[in-house]
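Side chains included, hydrogens not; waters and symmetry mates left out as well; all remaining heavy atoms used.
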Amino acid sequence: MTEKFKDKGFATRAVRVGHRRTAEGEQSEPIFPTSSFVFDSAEQAAARFSGDEAGNIYSRFTNPTVRTFEQRLAALEGGESAVATSSGMSAILSTMMALLSSGDHIVSSMSIFGTTRVLFDKYLSKFGIATDYVVLTDMDAWQTAIKPETKILFLETPSNPLNEIADLEALSALAQANDCLLVVDNCFCTPALQQPLALGADIVVHSATKYIDGQGRCIGGAVVGDKQRVGEEIYGFLRTAGPTMSPFNAWTFLKGLETLDLRMKAHSASALALAQWLQQQPVVNKVFYAGLPSHPQHELAKKQQSAFGGIIAFEIKGGQKEAWKLINALEWISITANLGDSKTTITHPATTTHGRLTPEAREATGITDGMLRISVGLESIEDIQADLAQAFNILS
């Protein structure tokens, strides 16, 4: 089925790849909510467990619905294999635990999700894996931070929440020259807007919870890459350790992939309009959105992405007090730290998503007390602007 649609367009692959119809002749992909699978014989059971025969064994690591999601996402990202996980954080954890050993070293962008940094600093460090952080856009800093024991360069692009853009081709060349792997979190763009593997990345990780679902229904993650590292090593970690995606969640994400192309275009169009509008508001100091010509990596974003995504950060005058006042004055925009939803959401990064970082770490990444992050949903852009406008009026 995957080969059949290999040369088809993105939207077609997002709807069709991976589904193998059962004898029932279903049109929509079925859910297989079963813990285990029955074998025809003792011989077949032994062959399945030994790996001599492909097939379903146990839903911790083989489930048809999850496999359909994996094959479809791999086809969209341009990867050979994908491994679905229970969350975006478990996708990152699985990648690091499968590919790193004690004594290894990570060079990471400092502009990453706060919990990812906690994972690196508090937990991977217990296993003798060290991490150094650099400014995402400073190629000299990346080069300087690499050591003989460095195995992985890790980053998000666009970054959370400042929308900084990394030069993936340059970082790929740097990784190859130093025998490192380039691991890219593609959560903000999804393969609908950006395909890091085609730009030289070795592995892509996702929080499927965000735009892949698109409606805030389920938690899940994924890792995409080659057959050996992802299809064997990371899959092997998942088989043993069990950070597994449930069949129901995989089915939900499959339905999300069907509309991903349309939704990402709509999110991007509304976010660009909102970013332009925010620039005109007197209480706003600065808007961080790669779609604006004023953004320092605007041209690079145009080169790497087909659109600019749905996430905007903006800084208002008055610090945390006024930021919270603005949030509390909103009439219907959702106050939540999740993003990628069809519903517009807003959060205060310094006290939520990045609240576990030290004040020094937040300052180093440019996250100020007056900064807000908005995930632009699929509502009417005029209504989103109107809710923000009435809140701005309370501040002024």
If we ignore angles and hydrogens, is there a donor and acceptor under 3.5 Å between the side chains of [X] and [Y]?
| X | Y | value |
| --- | --- | --- |
| Q228 | E233 | yes |
| K255 | T252 | no |
| E26 | H19 | yes |
| T259 | R263 | yes |
| T244 | S86 | no |

Donor-acceptor pair, distance only, cut-off 3.5 Å: does the side chain of [X] make one with the backbone of [Y]?
| X | Y | result |
| --- | --- | --- |
| E363 | P359 | no |
| N186 | Q194 | yes |
| N249 | C218 | no |
| T116 | G114 | no |
| N328 | W324 | yes |
| T344 | G377 | yes |
| E80 | D226 | no |
| S375 | G340 | yes |
| D387 | I333 | yes |
| Q281 | W277 | yes |

Where [X] and [Y] come nearest, the two heavy atoms and their spacing:
| X | Y | result |
| --- | --- | --- |
| A250 | V66 | CB-CA, 3.7 Å |
| P243 | S90 | CB-CB, 3.9 Å |
| A14 | L76 | N-CD2, 3.7 Å |
| L339 | K210 | O-CD, 3.3 Å |
| S268 | G309 | OG-N, 3.0 Å |
| A84 | E70 | N-OE2, 2.8 Å |

Residue from V224, I92, V83 passing side-chain contact (heavy atoms from CB on, under 4.5 Å) with V205: I92
Listed pairs under 3.5 Å, donor-acceptor, residues 52-59 side chains, sequence neighbours left out:
unit_1: D52; atom_1: OD2; unit_2: S50; atom_2: OG; d: 3.1
unit_1: E53; atom_1: OE2; unit_2: Q44; atom_2: NE2; d: 3.1
unit_1: E53; atom_1: OE2; unit_2: R48; atom_2: NE; d: 2.9
unit_1: E53; atom_1: OE2; unit_2: R48; atom_2: NH2; d: 3.4
unit_1: N56; atom_1: OD1; unit_2: R67; atom_2: NH1; d: 3.0
unit_1: N56; atom_1: OD1; unit_2: R67; atom_2: NH2; d: 3.3
unit_1: S59; atom_1: OG; unit_2: T34; atom_2: O; d: 2.6
unit_1: S59; atom_1: OG; unit_2: N63; atom_2: ND2; d: 2.9

H295 and Y289: aromatic ring centres closer than 6.0 Å?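 For H295 and Y289, the ring centres are not under 6.0 Å apart.
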Centroid-to-centroid, Y211 to H206, below 6.0 Å?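 No, the ring of Y211 stays outside the 6.0 Å limit from the ring of H206, centre to centre.
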Side chain proximity check, [X] to [Y], heavy atoms < 4.5 angstrom:
| X | Y | answer |
| --- | --- | --- |
| L168 | L155 | yes |
| V223 | V204 | no |
| L388 | F392 | yes |
| T131 | Y133 | yes |
| L326 | L372 | yes |
| L274 | I374 | yes |
| L260 | T190 | yes |
| K151 | S101 | no |

Is there a path of hydrophobic side-chain contacts, each under 4.5 Å between heavy atoms of I, L, V, M, F, W or Y residues, that connects [X] with [Y]?
| X | Y | answer |
| --- | --- | --- |
| M264 | F69 | yes |
| L153 | L136 | yes |
| I112 | L93 | yes |
| I219 | W251 | no |
| I327 | L278 | yes |

Going by the angle between their ring planes, with limits at 30° and 60°, are F113 and H354 parallel, tilted or perpendicular?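 Ring orientation of F113 relative to H354: perpendicular.
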What class does the angle between the rings of F120 and F154 fall in, given that below 30° is parallel, 30 to 60° is tilted and above 60° is perpendicular? perpendicular
Apply side-chain contact (heavy atoms from CB on, under 4.5 Å) to Q195 and F10, showing your working. CA-CA 11 Å; Q195 295 175 10; F10 184 94; 4.0 Å; yes
How far apart are the C-alpha atoms of T345 and R373, what are their side-chain angles, what is the distance that settles it, and do they pass the side-chain contact (heavy atoms from CB on, under 4.5 Å) test? CA-CA 8 Å; T345 69; R373 187 193 72 194; 5.5 Å; no
Audit row: L292, V287, side-chain contact (heavy atoms from CB on, under 4.5 Å) steps and yes/no: CA-CA 9 Å; L292 297 173; V287 180; 3.8 Å; yes
Exceeds 12 heavy-atom contacts within 6.0 angstrom, atom NZ of K8: yes
Passes side chain to side chain donor-acceptor pair (under 3.5 Å), E24 versus T22? Steps please. CA-CA 5 Å; E24 301 297 334; T22 71; 5.7 Å; no
Salt-bridge test for E29 and R72: reply yes if a basic N is under 4.0 Å from a carboxylate O, no otherwise.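 Salt bridge flag = yes for R72 with E29.
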Identify whether the distance between the nearest side-chain nitrogen and carboxylate oxygen of D167 and K303 falls below 4.0 Å. no
Rounded distance [0.5 Å steps], [atom1] in [X] versus [atom2] in [Y]:
| X | Y | atom1 | atom2 | result |
| --- | --- | --- | --- | --- |
| E322 | D369 | CD | CG | 12.5 Å |
| R60 | S36 | CZ | OG | 12.0 Å |
| F248 | F253 | CZ | CZ | 10.0 Å |
| E360 | T365 | CD | OG1 | 11.5 Å |
| M110 | S159 | CE | OG | 11.5 Å |

What's the verdict on side chain to side chain donor-acceptor pair (under 3.5 Å) for T352 and T347, showing C-alpha distance, side-chain angles and the deciding distance? CA-CA 7 Å; T352 58; T347 194; 2.9 Å; yes
Donor-acceptor pairs under 3.5 angstrom involving side-chain atoms of residues 178-185: please list them, not counting sequence neighbours.
unit_1: N178; atom_1: ND2; unit_2: L174; atom_2: O; d: 2.9
unit_1: D185; atom_1: OD1; unit_2: C187; atom_2: N; d: 2.9

With side chain to side chain donor-acceptor pair (under 3.5 Å) as the criterion, how do Q297 and E164 come out once you've worked through the C-alpha distance, each side chain's angles and the decisive distance to 0.1 Å? CA-CA 7 Å; Q297 292 97 44; E164 298 164 299; over 6 Å; no
